[in-house]
2 protein chains.
Amino acid sequence: MVNPPLPGSCGTPVHNSGMEDGSAAPPQQHEGAAAAQRQATLHDVARTAGVSQATASRVLNGSIRNVRQENVAQVLAAAAELDYTPHLSAQAIARGTTNTAALVVSGVDDPYFSTVAGGATQAAEAAGLIVTMAVADRSPERELQIVRTLRGMRPRAIILTGSRIDGTDTRAALIEELDAYRRAGGSVVLISQYDLPFCTVSIDNYGGARQLARELVGLGYRRFAVVRASAALRTSRDRCEGFVDGLREFGIGVEARLVVEAEFSRRGGLAAGRELVRQGLGDTELVIAANDVMAIGVMTAFRDAGLVPGRDIAVAGFGDIGPAVDVVPALTSVAVPLRQVGLCAMELALSNDDVSRVVPISTNVVLRDSTPRR
Amino acid sequence: MVNPPLPGSCGTPVHNSGMEDGSAAPPQQHEGAAAAQRQATLHDVARTAGVSQATASRVLNGSIRNVRQENVAQVLAAAAELDYTPHLSAQAIARGTTNTAALVVSGVDDPYFSTVAGGATQAAEAAGLIVTMAVADRSPERELQIVRTLRGMRPRAIILTGSRIDGTDTRAALIEELDAYRRAGGSVVLISQYDLPFCTVSIDNYGGARQLARELVGLGYRRFAVVRASAALRTSRDRCEGFVDGLREFGIGVEARLVVEAEFSRRGGLAAGRELVRQGLGDTELVIAANDVMAIGVMTAFRDAGLVPGRDIAVAGFGDIGPAVDVVPALTSVAVPLRQVGLCAMELALSNDDVSRVVPISTNVVLRDSTPRR
DNA sequence: CTCGTAACGGAATACGATTTCCCAGCAGCG
DNA sequence: CGCTGCTGGGAAATCGTATTCCGTTACGAG
C-alpha cells in the first residue's frame, strides 16, 4: 500500500539529495547538472591507439578499406579500454542513412497490435534495424503528429497500423506527410484498414467474414445479431459487410435492432452484450462481433446475465487472438496471421520497391465450441 | 491461400519493375538507387527565406534569442513550402543530447510486457520523448547485445524489463555495459526480477504470493500443487518462495512431487497441467502457477482431461493480466499494476536522480471463481 | 634498376544542425 | 555629441563520424 492511488503518477519520492541551493557545485564539470563523464569518441580511440581517426573508423566499422593487422589490434584494444560505443546519430549524419524503422500502432495493450508489432520487430531486427514505436491511441491527430516527429528520425521505413479513421480532415495532411517522406526516399507500409495510396498489407476482412457467415449457416444457424464498432473504422465495417453479404447469399437478413455499435475493445463488447440483454435477444441464435476482444466481452456480459455462451447463445469473433482458445467455450473466430502480417509489412518496407503494391493476407475460419452445430 | 506456408517470409512477389539491367538509369540522381529527392535542410530553408542559418534555427526551435517578427514569418513560410523536417540525428549531435528513451522487453506478445510497455510509452510521450523498443526474447546474450546497440543511440534512459536470468556469465558484462552507460550520464531503470545495482521498480512478488497463500488457506484449502518456471527466473522463484513460506505459516508443506517446472508461458502451463494429470493429482485441492498465462494453460489442460477448474480443482495465478477475468472460471490472481509499473519506471528514469533507489510496487490478492470457498 | 601498381595511413571535408561570438543599428542619457 | 546598453543578424566553430583524396611505402614484373 505504498503507492498513492493517483493514476498516471507513481509518486516518485522527494529527493533533495543534499545541498539546499546551488552553492556547492559538483567538482568535475563546469556546467553543473549531471557532471557526466563524457563518452569516449572516435577521436579518443584514435589518439589512444596512436592512429588517425580515419583508421579507427575503418577498423570499427565495416569499411571496404583494409587496415594493417597491427593497427587493427591497437584500435580494438583502445576501443575496449575506453568502452567506446559509436554514436549512432553521428553515423547517421555522416552516412546519410539510419538503421531505424518506425512503427505506429494504436495501442500496445491490445493483443492484436502487440502481435503485429512482434512480427514487425522480428523482421526489423533480422535486418539489423532497431525499431522505434509510437502509440497513437486511436487518435488521427496524434497519429499525424507522430508521423511528423518520426519523419525527423529519417527511418528507413514507417509502418502504420490500425488507427486510421475515415472522414477526418487530418486524412489529407497525413497523406501529404507520408508522401513527402516517400519522396525523400523512405518507404511507407500500411497495414489493412487504411485506404491510402501507399503499399498496404491488406487483411482480407471482408472475405473472411463472408466465409464465416457461410460456415455458420452451414452449422444450422439462421438468426443473427451483430456487434460492431463505429462505421468510420474501416476494419469493423469491412467485416460487418462481409458477414452481412455472406448471410444474404442464403436469403438471411439481420434486423437493424440487432446491430449494436460499441467501442472496438473488450469494454465495448461488454457494453454491447449488456445492451443486447437489456433490449432482449428474442430468438437470436448467434452473436457475431467485429473483434475477438469484443466477442469475449459479449460472452462475459451474457454469462453475467445468466446465459451460458455456446449453449444458450452462440458467439463468434474475428482475429483469432491468443486468448480466443483460453476462454470457455473456446471462441469461433477468423484467424488472421497477425505475426506474419507484421513480418510481411516490415519485409515489404525493407525491400524498397518504389511501386505501391497491395499484398493480400488471407484469413481462415476456425470453428470452436462457442458455435456448436445446431 | 495466397501466402506460402513458409514462416518468416511473406513471399513478397517478384518485382521486375521494368528495365532488365542497369541500362536506362533514373534521370535525376547520379547515384542510381532510389533517386530520392533530397530532404530540405535548414540551409535550404534559410536560403529560401533570405536569412542566415542561425536565424532559421532560432525560429524553428525553442531558442532563447528573439527574432524580428518579419523574419519569423519568412522562415515559417519557407519551412512550410519546402516541407522541412528537422533532422533529429543532427540535432542530437549539435545539442549533445537526444530525445529518446529505450525500452527492452522480453517479448511484445506477452500481455505482461505489453502492458508495462504501454505505461512506459505513455510516460515517455508525455515527456516529449520517443521510445525505441527492442525485444530480447528471454535470451541474456540478446539482451546484452541490445543494450550495447541501444547505448549507441545515446537515449536519455534505458529501461530493462523481464528477461534477466540468474547465473549466466553475461551478467557481469551486462552490469559493466549499463554502468558505463550510467557513467556517461544515462539513467538505467530495471523492472523487478533484476538484482543489479541500479534503480529498480520492484514488484512485491514474494509478499503478494505469501498473502495469496494466507487467503487461500483462509478459504479452506490445505493441499497444494505448484507450477513454476525455472528457478533461474527471479520472478518465478520469488513468487514460489513467497507462496511456500505463506503455507508454512500454517504448517502446510508441498510435496516435491507436486512441484512441476515448465516454460514461463501459456504453453508451459499447458505442459505442466498435462504432466500433473498424467502423474495423478492425488487429493490436491488447488494448483498455483507462477504466472497467469501459465495458470490459464493449466486450466485448459485440466479441462481437456475432463476436470472442471473451480469445481473439481481450484487454480490460481499471478499478475492479474486482462484475460484473467475473461476465462471461465475467472482466475484468482495477485494483481500487479503493470501499467503503473511502466509509468513509474519511466518517470523514475526521467527524474534523473543519480542515486540508485528501489521503488516498491505493492500487489494485491484478487479472489475469483477459480478458487471457491471450500 | 626502374616503373607501375596495389596497399594503407592521414589530413581534410562533408553531413545537418546548434551556439558562440562579433558586429551593426538604435535608443537613452549625460 | 559621445557613450553605454540593448536588440537582433550572421559568420564561423562545433558536435562525432564517414569518406574522399592524396601521399608514402612496398613489392613484383620487365
To the nearest angstrom, how far is [X] atom [atom1] from [N] atom [atom2]?
X       : N      : atom1 : atom2 : result
B:Asn66 : D:dC6  : CG    : C1'   : 12 Å
B:His87 : D:dT17 : NE2   : P     : 16 Å
B:Ile64 : D:dT7  : CD1   : P     : 14 Å
A:His43 : D:dT14 : NE2   : P     : 12 Å
A:Ile93 : C:dT13 : CD1   : P     : 19 Å
B:Gln69 : D:dG9  : CD    : C1'   : 16 Å
A:Arg68 : D:dT25 : CZ    : P     : 12 Å
B:Gln53 : D:dT14 : CD    : P     : 16 Å

Nearest to side-chain heavy atoms of [X], which nucleotide of [options]:
X       : options                : result
B:Ala94 : C:dT20, C:dT18, D:dG16 : C:dT18
A:Asn71 : D:dG9, C:dG9, D:dG16   : C:dG9
A:Thr41 : C:dA17, D:dG16, D:dA18 : D:dG16
B:Ser52 : D:dA11, D:dT17, D:dG16 : D:dA11
B:Arg38 : D:dT17, C:dG16, D:dG10 : C:dG16

| message | Would A:Val104 and A:Leu150 count as a side-chain contact (heavy atoms from CB on, under 4.5 Å) here? Give the steps. | response | CA-CA 9 Å; A:Val104 184; A:Leu150 251 30; 3.7 Å; yes

| said: Nearest heavy atom decides the nucleotide; on that basis, is B:Ser89 or B:Ala54 closer to the 5' end of DNA chain C? | reply: B:Ser89

| query | Starting at the 5' end of DNA chain C and moving along, which residue's nearest nucleotide shows up first, B:Leu88 or B:Arg65? | reply | B:Leu88

| Euclidean distance, B:Ile64 CD1 relative to B:Asn61 CG, rounded to 0.5 Å | 12.0 Å

| query | How long is the span from the CZ atom in B:Arg154 to the OG1 atom in A:Thr85, to the nearest 0.5 Å? | reply | 5.5 Å

| task | Please state whether the base of D:dG16 and the side chain of B:Arg154 form at least one donor-acceptor pair under 3.5 Å? | result | no

| Would you say B:Thr170 and B:Glu143 make side-chain contact, with heavy atoms under 4.5 Å? | no

| With a non-hydrogen cut-off below 4.0 angstrom, is B:Leu42 in contact with a base, only sugar-phosphate, or nothing? | base

| request: Could you verify whether a donor N or O on one side chain and an acceptor N or O on the other, from A:Gln145 and A:Arg148, lie under 3.5 Å apart? | output: no

